[in-house]
Amino acid sequence: MYDRYSQALKNKISVGERNRGRIKNIIILLLILVIAGLCVYGIPRISSGNELRTLYIRKMQSECDEALRQTNVLSRNAGADTSANLARIRSNVYSIEQINTLSASLPGETKTLIDGSVLSSIRLNIDTFLSVLATGMDTGEYVTDLQTTLDTVRSLLSSLV
């Protein structure tokens, strides 16, 4: 009818073990909630980072295309509006540089999308073009150089998509 004292202790769970079990269950529940929260908030951020990267690339392509259109307008013999067109091209290149700098801050990105040396060579081409334009020399080869470097940027951007 009555259990012996030693048999009763074998079947009972002590208060300390019960508390450890509760703490273990609470910790497991908290871990599940943290993982669920990371899934709910982390996955959209990852996909939005990819969308933002694509948006940056598209905007840089747009600026590069506009700069190429401006180089096609440049006259080969130093027309009156050449310096204004070069200013527009410089503005497009500046926009590409700024977007390129912003791209390094994207989640998962550790470097810029385009190497800065390519963009600095475009700026150097524009500066050289302006100095030759001021002297009144033939600018045909400088237009070609500018188009070549902008085509390089365009192909780099196309390879990123």
Go through the steps for Arg53 and Ser103 under the test side-chain contact (heavy atoms from CB on, under 4.5 Å), then give the verdict. CA-CA 7 Å; Arg53 181 179 189 270; Ser103 69; over 6 Å; no
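- In this structure, Val143 and Phe129 approach most closely via the heavy-atom pair CG2-CE1, 3.1 Å.
- When hydrophobic side chains of Ile, Leu, Val, Met, Phe, Trp and Tyr are connected at separations under 4.5 Å, Ile27 ends up clustered with Ile23, Leu31.
- With hydrogens and angles ignored, the 3.5 Å screen pairs a side-chain donor or acceptor of Thr128 with a backbone N or O of Leu124.
- Annotation: side chain of Leu102 is not in contact with side chain of Thr112 (no heavy-atom distance under 4.5 Å).
- To the nearest 0.5 Å, atoms CD1 (Ile57) and CG (Leu156) are separated by 11.0 Å.
- The side-chain heavy atoms of Asn25 and Leu29, taken from C-beta on, include no pair separated by under 4.5 Å.
- Separation of atoms CD (Gln98) and CG (Leu119) is listed at 10.5 Å; rounding is to 0.5 Å.
- Side-chain contact between Asp65 and Arg69 is present, with at least one heavy-atom pair separated by less than 4.5 Å.
- Without hydrogens or angle criteria, Thr149 side chain to Asp145 main chain gives a donor-acceptor distance under 3.5 Å.
- Within the model, atoms CG of Asp151 and CG of Leu68 stand 5.0 Å from one another, a figure rounded to the nearest 0.5 Å.
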Going through the checks in order, is the side-chain contact (heavy atoms from CB on, under 4.5 Å) test met by Asn92 and Cys64? CA-CA 7 Å; Asn92 294 124; Cys64 185; over 6 Å; no
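- Atom-to-atom distance recorded for Ile96:CD1 and Leu157:CG is 7.0 Å, nearest 0.5 angstrom.
- The side-chain contact (heavy atoms from CB on, under 4.5 Å) test with Asn100 is passed by exactly one of Asp115, Val118, Leu113: Leu113.
- With rounding to the nearest 0.5 angstrom, the CD atom of Gln147 is 11.5 Å from the OG1 atom of Thr152.
- Contact of the Tyr142 side chain with the Asn125 side chain is not registered, since no non-hydrogen atoms from C-beta on lie closer than 4.5 Å.
- In the hydrophobic clustering of this structure, Ile114 does not group with Tyr94; members are Ile, Leu, Val, Met, Phe, Trp, Tyr whose side-chain heavy atoms approach within less than 4.5 Å, directly or through other members.
- Side chain of Ser62 to backbone of Arg58: no donor-acceptor contact under 3.5 angstrom is found.
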So Arg90 and Asp127, side-chain contact (heavy atoms from CB on, under 4.5 Å) or not? Walk me through it. CA-CA 9 Å; Arg90 186 185 300 268; Asp127 292 339; 2.8 Å; yes
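- With salt bridges taken as basic N to acidic carboxylate O contacts below 4.0 Å, none links Arg88 and Glu66.
- Atom CD1 in Ile28 sits 12.0 Å away from atom CG in Leu33 (nearest 0.5 Å).
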